Amino acid sequence: MNPASEPIVVAIDGTSASGKSTNARLVARALSFVYVDTGAMYRTLAWYCLQKRIDVEDSKAVAAACRRWKTQLICVEGAVRLLVDGYYPEKEIRTPAVSDAVPKVARVPRVRTWMRQTQRACLRFGNLVMEGRDIGTNVFPETEFKFYLDAPLAEREQRRIADGVTENLQKRDRQDSERAAAPLMIPLGATIVNNGGQTPQQTSEWILAEVQRKLSERTARRART
Ligand code: DC
């Protein structure tokens, strides 16, 4: 395949409430790339397990559910959606019960393999801005466009409170960082963006400038070869 025609993937990883979703959406819109929220995919599986009364502590049962469920990827208004049995559980995946269950399904190796495969299949929609916890390390380790977002814990807690969500962010980050399968970590070659005290406008403009700079470098490199 001609590398120039391969879709571009901007990978945005980071801690909870570090602004991944807001910034990834802004960057995707500015670049006219497709936005992919991979956390929503893990949440969808957690919701599905709760619906089907599958014990999320039981890795084998969760892995079996992940093999069995009937899903479909679609792209609506520039964003990817994961449908289950033709349904998009947009609101249902944001409840506290799902937030509690999601780290338990996210640590199952079979689930991570399924997610990686499904997330890579999003390339069929074109250029992507994909946010998550393991995009630059595990899903698209080959991309040149990797960002790792973080902000001081107190500020991240304030952001969640402003969104009307009470959550133990420290616990969530620990669960995400300490699991054996594809833990949250800074991807090799990622640009670290500590956005404490910044508005999403400032952070996203900074990321966009970096993407443009890397794209120009890449064009120049390819012109030389
Ligand atoms: O970003 P979020 O809060 O919607 O993510 C929900 C959970 O899914 C989070 O606890 C970690 C997990 N997750 C993951 O393990 N890998 C990803 N690429 C995205 C999310």
Side-chain angles (χ1 to χ4, degrees), residues 9-25 27-28 35-50 56-57 59 62-63 65-66 73 79-82 88-123 128-141 143 145-151 153 156-157 159-187 190 195 200:
V9 178
V10 178
I12 301 187
D13 291 301
T15 49
S16 296
S18 60
K20 296 186 298 295
S21 301
T22 311
N23 286 293
R25 277 179 209 277
V27 170
Y35 166 69
V36 191
D37 174 0
T38 61
M41 296 184 181
Y42 286 92
R43 285 174 177 274
T44 302
L45 178 61
W47 167 79
Y48 177 83
C49 289
L50 295 177
V56 291
E57 303 280 355
S59 299
V62 172
C66 190
L73 282 177
V80 169
R81 293 180 179 184
L82 180 68
Y88 178 48
E90 184 176 15
K91 296 238 163 40
E92 294 89 330
I93 63 171
R94 304 287 164 193
T95 63
V98 169
S99 294
D100 265 4
V102 67
K104 294 167 189 161
V105 309
R107 69 184 174 207
V108 177
R110 180 69 185 78
V111 168
R112 300 216 71 93
T113 308
W114 188 93
M115 290 288 172
R116 182 179 190 275
Q117 210 171 18
T118 305
Q119 288 156 14
R120 286 193 69 93
C122 292
L123 283 176
L128 306 174
V129 177
M130 184 174 281
E131 58 129 324
R133 305 291 198 292
D134 66 338
I135 312 308
T137 51
N138 183 46
V139 182
F140 286 106
T143 184
F145 306 91
K146 298 181 191 182
F147 297 89
Y148 184 90
L149 270 53
D150 203 358
L153 179 64
R156 292 189 288 118
E157 280 170 345
R159 290 176 187 169
R160 275 290 195 260
I161 291 166
D163 288 342
V165 181
T166 344
E167 203 181 352
N168 186 333
L169 294 184
Q170 237 173 343
K171 182 175 165 206
R172 171 80 78 92
D173 289 341
R174 201 172 47 244
Q175 284 173 321
D176 288 339
S177 308
E178 289 180 353
R179 67 168 173 250
L184 168 67
M185 58 177 150
I186 301 171
N195 59 32

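Ligands are counted one by one from 1 in listed order, and the atoms in each one are counted from 1 as well. Being a predicted model, the structure only gives us computed values, none of them experimental.
- Every residue meeting the salt bridge (Lys or Arg N to Asp or Glu O under 4.0 Å) condition with D150, not counting sequence neighbours, appears here in chain and number order: R156.
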Do any nitrogen or oxygen atoms of ligand 1 lie under 3.5 Å from a protein nitrogen or oxygen, and which ones?
{"from": "ligand 1", "atom 1": "1 (O)", "to": "R133", "atom 2": "NH1", "distance (Å)": "2.8"}
{"from": "ligand 1", "atom 1": "3 (O)", "to": "R43", "atom 2": "NH2", "distance (Å)": "3.2"}
{"from": "ligand 1", "atom 1": "3 (O)", "to": "R172", "atom 2": "NH1", "distance (Å)": "2.9"}
{"from": "ligand 1", "atom 1": "4 (O)", "to": "R43", "atom 2": "NE", "distance (Å)": "2.7"}
{"from": "ligand 1", "atom 1": "10 (O)", "to": "R172", "atom 2": "NH1", "distance (Å)": "3.0"}
{"from": "ligand 1", "atom 1": "10 (O)", "to": "D176", "atom 2": "OD1", "distance (Å)": "3.3"}
{"from": "ligand 1", "atom 1": "10 (O)", "to": "D176", "atom 2": "OD2", "distance (Å)": "3.4"}
{"from": "ligand 1", "atom 1": "15 (O)", "to": "R112", "atom 2": "NH1", "distance (Å)": "2.9"}
{"from": "ligand 1", "atom 1": "15 (O)", "to": "R112", "atom 2": "NH2", "distance (Å)": "3.3"}
{"from": "ligand 1", "atom 1": "15 (O)", "to": "R179", "atom 2": "NH1", "distance (Å)": "3.1"}
{"from": "ligand 1", "atom 1": "15 (O)", "to": "R179", "atom 2": "NH2", "distance (Å)": "3.0"}
{"from": "ligand 1", "atom 1": "16 (N)", "to": "R112", "atom 2": "NH2", "distance (Å)": "2.9"}
{"from": "ligand 1", "atom 1": "18 (N)", "to": "T38", "atom 2": "OG1", "distance (Å)": "3.1"}
{"from": "ligand 1", "atom 1": "18 (N)", "to": "R133", "atom 2": "N", "distance (Å)": "3.0"}
{"from": "ligand 1", "atom 1": "18 (N)", "to": "D134", "atom 2": "OD1", "distance (Å)": "2.9"}

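- Between the side chain of K146 and the backbone N or O of P141 there is at least one donor-acceptor pair closer than 3.5 Å.
- A salt bridge links E57 to R107: one of the charged nitrogens lies within less than 4.0 Å of a carboxylate oxygen.
- Of the possible donor and acceptor atoms, none in the side chain of D176 sits under 3.5 Å from a partner among the backbone N and O of P103.
- You'll find the side chain of V36 stays beyond 4.5 Å of the side chain of V129, heavy atoms only.
- With hydrogens and angles left out, the side-chain atoms of T38 and R116 include no donor and acceptor closer than 3.5 Å.
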